[in-house]
Structures are given as structure tokens and as C-alpha cells.
Enquirer: 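Encoded as C-alpha cells, here's the structure I'll be asking about.
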Protein chains: 2
Amino acid sequence: MQRCCAPAAVRRRDREGEAGLFRTLADPHRLAILETLAAAEEHVCVCDFTAGLPLNQPTVSHHLRLLREAGLIESERRGTWVYYRLAPDARARMQAALDVVFDDLAVDETHEANTECCTVPSR
Amino acid sequence: MQRCCAPAAVRRRDREGEAGLFRTLADPHRLAILETLAAAEEHVCVCDFTAGLPLNQPTVSHHLRLLREAGLIESERRGTWVYYRLAPDARARMQAALDVVFDDLAVDETHEANTECCTVPSR
DNA sequence: GAGATTCATCGAAGAATGTCAATACAAGCC
DNA sequence: GGCTTGTATTGACATTCTTCGATGAATCTC
């Protein structure tokens, strides 16, 4: 009787934070905002997003809030206008989230002895 | 009368595909599956996921289907068991999606003349 | 063939999300 | 002060997502 596979493969670390970061990027309009901010040399006015995106103003504000709460962008008020810019570590944090998933780091911290695995056919 | 900012900042390219990829990673259990497959040397049996994740079997199957439909993982049946592995280009595709957002490439393809920008205060 | 096991699919319930109209808040101007 | 403009928040609705029980499909053993 053999196991179907290596006994304890499944990683069980909590990836809620990384999943939340990816969820923040899981909307094309938020990607457009991030892409705009990443390409902009200066801060970008909210009014540019309300004018440039096919969304109403409250929806734009909603997406900006989600990005801000995720720590990916930062805001600054200048008089009547509010300007947004990419957070300095935005890209690094997204890259780190990706690396956590695809790099085989931290080997012994997440395994669990899965002693009731299936058996393998003769094949 | 001055503009509040550079006239045509907002990117308007369709990022539905990239957003869909990020949405696929926007769940901690799917991240655990990907992380497991990335760390595994061999293919991983579905039974390992149903045993190792705090989810019922139909839910595990659902997540595997989403990952498979996104092209991030591949399946292979061996007799009764089904084995999954990371798609060869999975990481590269996620990296490309990230780069599209944060790299300032393809400068002239996405701008739109936003001629009705706000004005800037004297400051 | 019948029965058992593994995995996928279906259908439904609850939660989360995207969107917008209405409204509130903040700042500048008269 | 009141008025106007830019932005944020609230409340509601429709859609999507996560989850699970029930069921179906595929394969193996007897």
C-alpha cells in the first residue's frame, strides 16, 4: 500500500493578507487607477479620474478608498482638490505577495502530517 | 487659468484580463493551493487538498476549477485519482500582469486627451 | 454485472462586491 | 454669512463569489 503522493503537501499558512492585496487589484478600474499613478510623474487629481473613467464620482471615490485602505496609494489635499499618488512600497508589496506564493521559501513552517492520504494504483 | 495637473493622465486600456488573473489569486485557499503546487516537486493529488484544506470536497473542486480555467494549473487523471500541477507559465503570467500595471511601458497607446480638467488654485 | 471510491457538477443560501443617486463634508469665493 | 465646487459617505440595489449538500460521472475491485 503506497501513498498517492508525498504525505503532507498542503500549505496551511494564513494568506489572508496576500489574498486581500490581490483582491484589491481584481478590478479593471482600480488597475487603471494604479497604472495611471505608476506612470504619472506628478500627483494625480481625483477630478482626472472622475473625468477619465467611465464611472460616476462616488464610484471613483469608492475605488480610491479601497486602494488607500490597502496601502497602495496615498492622498493629499490641496485646497479644494485631492491628489493621489502611488505609495512608495506599493509595487514591492505586490511583488512580495507574488513571491510568497510562487517561491519555495519557508519550507518547514507550513507542513502538516497528512497521515490519511489516498493510496496509489499500481499504474 | 491653469490645469490642476497633466492633461491626460488616466489610462483607459482594457485590463479585464489582468484583473481576472488577480481575482483568481484573491482567495486565501486558492493561494494555498498555488503555493502547495509551486513548492511540490511532484503532482499533487486532489485528495491531498480535500484532506489538507478546511473545505468540503465540492468547494475544493470549485477552487481547482477556477484555477484551471484561469490557466494557472493543469490536471491529469491517473486511474481513480486526479493530480494537479502548476502550469509552466503560471508565474510568468502573474508577473506580466503585475508588470503591466507598475511598469511605465507602452506610453502612447493609452492616453486620451482629457481637455476638461479642473483648474489649479494659486497655491 | 454490483458496489465502493474519487472527483466534478448542480442548485441554493449567505456574504461580499460594484455601482449609483442622494446627501454630507470641506474649501474657496462672493 | 451664503453660494459654488470638489470630494467623501450613506443607503440601496444588482451582481458576483464562497460554501455546501445532493447528485452525477469515471474508475477500480470483486
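Predicted model, so just to flag it, every value in this text is computed and none were measured. Chain letters run A, B, ... following the sequence lines, proteins first, then strands; residues in each count from 1.
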Enquirer: Would you kindly give the CG-to-P distance between A/Leu64 and D/dT9, to the nearest whole Å?
Expert: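 After rounding, the gap between these two atoms is 11 Å.
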Enquirer: Taking only N and O in the side chain of B/Arg78, is any of them less than 4.0 Å away from OP1 or OP2 of C/dT6?
Expert: no
Enquirer: Take the protein atom CG of A/Leu66 and the nucleotide atom P of D/dT9, then report the distance between them rounded to whole Å.
Expert: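 Atom-to-atom, A/Leu66 to D/dT9, this comes out as 11 Å.
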Enquirer: Let's see if you can work this out: which of C/dG18, C/dT5, D/dT18 has an atom nearest to the side-chain heavy atoms of B/Thr80?
Expert: C/dT5
Enquirer: Would you mind telling me which of D/dT9, C/dA8, C/dT19 lies closest to the side-chain atoms of A/Thr59?
Expert: C/dT19
Enquirer: Should A/Tyr84 be listed as having a side-chain N or O under 4.0 Å from OP1 or OP2 of D/dA8?
Expert: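 Answer yes for this pair, as a side-chain N or O of A/Tyr84 is under 4.0 Å from OP1 or OP2.
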Enquirer: Give the ring-plane orientation class for B/Tyr83 versus B/His43, where under 30° counts as parallel, over 60° as perpendicular and anything between as tilted.
Expert: tilted
Enquirer: Distance check needed: D/dC20 C1' versus B/Leu55 CG, whole Å only.
Expert: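 Taking CG of B/Leu55 and C1' of D/dC20, I get 10 Å after rounding.
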Enquirer: Consider the side chain of A/Asn56, meaning its heavy atoms from C-beta on, and name the nucleotide among C/dA21, C/dC7, C/dC10 that approaches it most closely.
Expert: C/dA21
Enquirer: Is atom CD of A/Glu69 surrounded by more than 12 heavy atoms (other residues, nucleotides or ligands) closer than 6.0 Å?
Expert: yes
Enquirer: Rounded to the Å, how far apart are A/Gln57 CD and D/dT5 P?
Expert: 14 Å
Enquirer: Is the Lys NZ or Arg CZ of A/Arg68 less than 6.0 Å from the centre of A/Tyr84's six-membered ring, within 45° of the axis?
Expert: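 A/Arg68 over A/Tyr84 ring: no.
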Enquirer: For A/Arg77 and A/Ala26, find the nucleotide of DNA chain C closest to each by heavy atoms; which residue's nucleotide sits nearer the 5' end?
Expert: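 Its nearest nucleotide being more 5', the pick is A/Ala26.
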Enquirer: Donor-acceptor check, side chain of A/Ser61 to backbone of A/Gln57, threshold 3.5 angstrom: yes or no?
Expert: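 It does not hold such a pair.
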Enquirer: If you only use heavy atoms from C-beta on, which nucleotide in D/dT18, C/dA27, C/dT19 is closest to the side chain of B/Asp27?
Expert: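 Within the option list, the nearest is D/dT18.
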Enquirer: Nearest to the side chain of B/Arg23, heavy atoms from C-beta on, is which of C/dG18, C/dC20, D/dC17?
Expert: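 Of the candidates, D/dC17 comes closest.
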Enquirer: Roughly, in whole Å, what's the span from NE2 in A/His29 to P in C/dT19?
Expert: 5 Å
Enquirer: Measure from the side-chain N and O atoms of B/Asp27 to the backbone N and O of B/His29, and report whether any donor-acceptor pair falls under 3.5 Å.
Expert: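 The answer is yes, because a donor-acceptor pair under 3.5 Å joins these two groups.
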Enquirer: Please report, rounded to the nearest Å, how far the C1' atom of D/dT7 is from the CH2 atom of A/Trp81.
Expert: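 It works out to 12 Å between those atoms.
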Enquirer: Would you mind reading off the distance between A/His62 atom NE2 and C/dA24 atom P, rounded to a whole angstrom?
Expert: 21 Å
Enquirer: Please pick, from C/dT6, C/dG18, D/dT18, the nucleotide with the shortest atom-to-atom distance to any side-chain atom of B/His63.
Expert: D/dT18
Enquirer: Of all the choices, D/dT10, C/dG18, D/dA8, which nucleotide is nearest to the side chain of A/Arg68 once you look at every atom?
Expert: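 It is D/dA8.
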Enquirer: Between A/Arg65 (CZ) and D/dT7 (P), how many Å, whole number?
Expert: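 Spelled out: CZ on A/Arg65 to P on D/dT7 is 16 Å.
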